[in-house]
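See structure below.
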Amino acid sequence: MRRLHLLLCCLAPALLACGGASPPELRIGINPWPGYEHFFLAQELGLYDTTLVRVRVVELSSLSDTRRAFERGQLDAFTGSTIELLKARELSSRRPRLILVSDYSDGADVVLARPGIPDLRSLRGRRVGIEPGTLNLYLLARALEGAGLALADIELVPVDLPQMPAAFRRGAVDAVVTYPPASLDIAALPGTRTLFSSRDLPGEILGIAAIDSAFLAAEGAAVTALLRGFERARQYALAHPVEADARMAARERISPQAFRAALDQGMRLVALAEQERFLGADGKAAEVLSRTHQILVSVGELRGPQSLDRVLAPEATAAVLGSPPRWSAP
């Protein structure tokens, strides 16, 4: 009996090694936006490699909620914009890195106004609803800049995305800066005017995914599996658009037709093979991060100088493509 006990003690480590440690859990937060839905679709269709990662998609109602959940340590990764990325770096001890540009807005992000407000110049002194701490601020600042106005020339009214249609209908704001699905409801109201859209800023309004730098360093294979699953879902949606649209639209609580219209008419999805154009040292992401930082500092959303070194992580998508990056991040 004693011999058997000793034999089991010797075999135990080997048996555990054969069984292998369970793959790490990766919690990624997403808010309603068509460009992020492929993370959800990959989970629903079982397209993540479960031997490498256990992906848990956490649904949140707004960009701000997603960022705050990441800052509190409730998420390992999140989707959002360059504003959420920069604010999370300053407002918490965490250091998110940009691992993916999922899409760029090409008309989906809009400045919508009530009847009687014909153009951007007419917003002077008006109340403009904006989701606090989001890329809406960037879009609005750039729109006003072209009209010879500044953010100080209008009254900013904080409104969370789900409440925007109601605030607009009851006249609490004169205009809103918004995006689907909220923008679809507002644009359908009689007399609503589109004063500006992200189509006027080609490639500047980026949808991104970011991950905690410590998680990326420790669990690179899990991050690769996350991005590979995302790309598999994107390819699946291209091959089966009707089914994929129905699944993703249901989560966003809009019709498949509205979901498809948002994809086709208001944004451009970015494949993994295209990431170099954005994540390279001279790519669009570095330029947008720098400009976003300047705008946030100018309105007091950020305190001042912030190092943008090692914010981009081109190695993450390069690992999915099976080769080292040919470009280097700043």
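Residues L98 and L206 are not in side-chain contact: their nearest non-hydrogen atoms beyond the backbone lie 4.5 Å or more apart. F70 places a side-chain heavy atom less than 4.5 Å from the side chain of D212. The side-chain heavy atoms of L296 and E90, taken from C-beta on, include no pair separated by under 4.5 Å. Side-chain atoms of L100 and T79, non-hydrogen and from C-beta on, never get closer than 4.5 Å to each other. R126 places a side-chain heavy atom less than 4.5 Å from the side chain of I117. Inter-residue side-chain proximity for K284 and R277 is flagged as unmet; no heavy-atom pair is nearer than 4.5 Å.
A distance of 11.0 Å separates OH of Y179 from CD1 of I186, quoted to the nearest 0.5 Å. Atom CZ of residue R54 and atom CG of residue L226 lie 14.0 Å apart, to the nearest 0.5 angstrom. Atoms CD1 and CG, from I99 and L227 in turn, are 4.5 Å apart once rounded to the nearest 0.5 Å. Rounded to the nearest 0.5 angstrom, S81 OG and Y138 OH are separated by 10.5 Å. Separating the CD1 atom in I211 from the CG atom in L26 is a distance of 4.5 Å, to the nearest 0.5 Å. L289 CG to I208 CD1: the interatomic distance, rounded to the nearest 0.5 Å, is 7.0 Å.
Placement of V270 and F78 in two distinct hydrophobic clusters is found when ILVMFWY residues are connected by side-chain heavy-atom separations under 4.5 Å, directly or transitively. Linking Ile, Leu, Val, Met, Phe, Trp and Tyr whenever their side-chain heavy atoms come within less than 4.5 Å puts V101 and L135 in one cluster. Transitive grouping of hydrophobic side chains (ILVMFWY, heavy atoms separated by less than 4.5 Å) keeps V297 and L91 in distinct clusters. If you chain together hydrophobic residues whose side chains sit under 4.5 Å apart, F230 and L52 never meet in one group.
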Using residues 154-178 as the side-chain source, report each donor-acceptor pair under 3.5 Å to any protein atom, sequence neighbours left out, with the distance given to one decimal.
| unit_1 | atom_1 | unit_2 | atom_2 | d |
| --- | --- | --- | --- | --- |
| D174 | OD1 | R127 | NH2 | 3.1 |
| D174 | OD2 | R127 | N | 2.9 |
| D174 | OD2 | R127 | NE | 3.3 |

I'd like a table of donor-acceptor pairs (distance under 3.5 Å, sequence neighbours excluded) in which one partner is a side-chain atom from residues 233-243, with atom names and distances.
| unit_1 | atom_1 | unit_2 | atom_2 | d |
| --- | --- | --- | --- | --- |
| R234 | NE | E231 | OE1 | 3.1 |
| R234 | NH2 | E231 | OE2 | 3.1 |
| Q235 | NE2 | E231 | OE2 | 3.1 |
| Y236 | OH | E243 | OE1 | 2.6 |
| Y236 | OH | E243 | OE2 | 3.2 |
| E243 | OE2 | R247 | NE | 2.9 |
| E243 | OE2 | R247 | NH2 | 3.2 |

Counting only pairs under 3.5 Å, give me each side-chain donor-acceptor contact of residues 32-39, with atom names and distances, residues two or more places apart or in other chains.
| unit_1 | atom_1 | unit_2 | atom_2 | d |
| --- | --- | --- | --- | --- |
| W33 | NE1 | D103 | OD1 | 3.2 |
| W33 | NE1 | D103 | OD2 | 3.0 |
| Y36 | OH | G80 | N | 3.4 |
| Y36 | OH | G80 | O | 2.5 |
| E37 | OE1 | R251 | NE | 2.8 |
| E37 | OE2 | R251 | NE | 3.0 |
| E37 | OE2 | R251 | NH2 | 2.6 |

Next item on the list: List the steps and the verdict of side chain to side chain contact (heavy atoms under 4.5 Å, CB included) for T224 and D49.
Entry: CA-CA 10 Å; T224 299; D49 186 342; over 6 Å; no
Next item on the list: Go through the steps to decide whether L321 and Q275 satisfy the test side chain to side chain contact (heavy atoms under 4.5 Å, CB included), and finish with yes or no.
Entry: CA-CA 10 Å; L321 297 172; Q275 294 297 311; over 6 Å; no
Next item on the list: Dump the intermediate steps for side chain to side chain contact (heavy atoms under 4.5 Å, CB included) on T292 and L85, then the final yes or no.
Entry: CA-CA 10 Å; T292 303; L85 175 65; over 6 Å; no
Check: Can L216 and E315 be said to form a side chain to side chain contact (heavy atoms under 4.5 Å, CB included), step by step?
Finding: CA-CA 10 Å; L216 176 61; E315 66 272 17; 4.1 Å; yes
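Across all non-hydrogen atoms, the minimal contact from D309 to R89 is O-NH2, 4.1 Å. Between K87 and E301, the shortest heavy-atom distance links the atoms NZ-OE1, 2.6 Å. When all heavy atoms are compared, the tightest approach of V223 to A316 is CG1-CB, 4.4 Å. Of all heavy-atom pairs between V53 and A225, the closest is CG1-CB, 3.5 Å. Here the closest non-hydrogen pair linking A210 and P96 is CB-CB, 4.1 Å. For A113 against L195, the heavy-atom pair with the smallest separation is CB-CD1, 3.6 Å.
Take R268 and apply the side-chain contact (heavy atoms from CB on, under 4.5 Å) test, not counting sequence neighbours, and it matches Y104, D106. Remark: S64 engages S62, R68, E131, T134 in a side-chain contact (heavy atoms from CB on, under 4.5 Å) (not counting sequence neighbours). When the side chain to side chain donor-acceptor pair (under 3.5 Å) test is applied to R27, the partners found at least two apart in sequence or on another chain are D76. In this structure, F259 has no ring pair (Phe, Tyr, Trp, His ring centres under 6.0 Å) partners at least two apart in sequence or on a different chain. Under the side chain to side chain donor-acceptor pair (under 3.5 Å) criterion, R291 pairs with E204, not counting sequence neighbours. Scored by the side-chain contact (heavy atoms from CB on, under 4.5 Å) test, A147 finds L120, R121 as partners (sequence neighbours excluded). Qualifying side chain to side chain donor-acceptor pair (under 3.5 Å) partners for S213, counting only residues two or more places apart in sequence or in other chains: none. L60 is linked by a side-chain contact (heavy atoms from CB on, under 4.5 Å) to V58, D65, T66, A69, L75, counting only residues two or more places apart in sequence or in another chain.
If you check the side chains of E287 and S290, you find no donor sitting under 3.5 Å from an acceptor.
At least one donor-acceptor pair under 3.5 Å links the side chain of R95 to the backbone N or O of S92. Side-chain atoms of R232 never come within 3.5 Å of backbone atoms of A42 as a donor-acceptor pair (strictly under, hydrogens ignored).
Within 6.0 Å of atom CZ in R72, more than 12 heavy atoms from other residues, nucleotides or ligands are found, so the atom counts as buried in its surroundings.
Sorted by first then second residue, the side-chain hydrogen bond (donor to acceptor under 3.5 Å, both in side chains) pairs that include residues 184-201, not counting sequence neighbours, are S105-S198.
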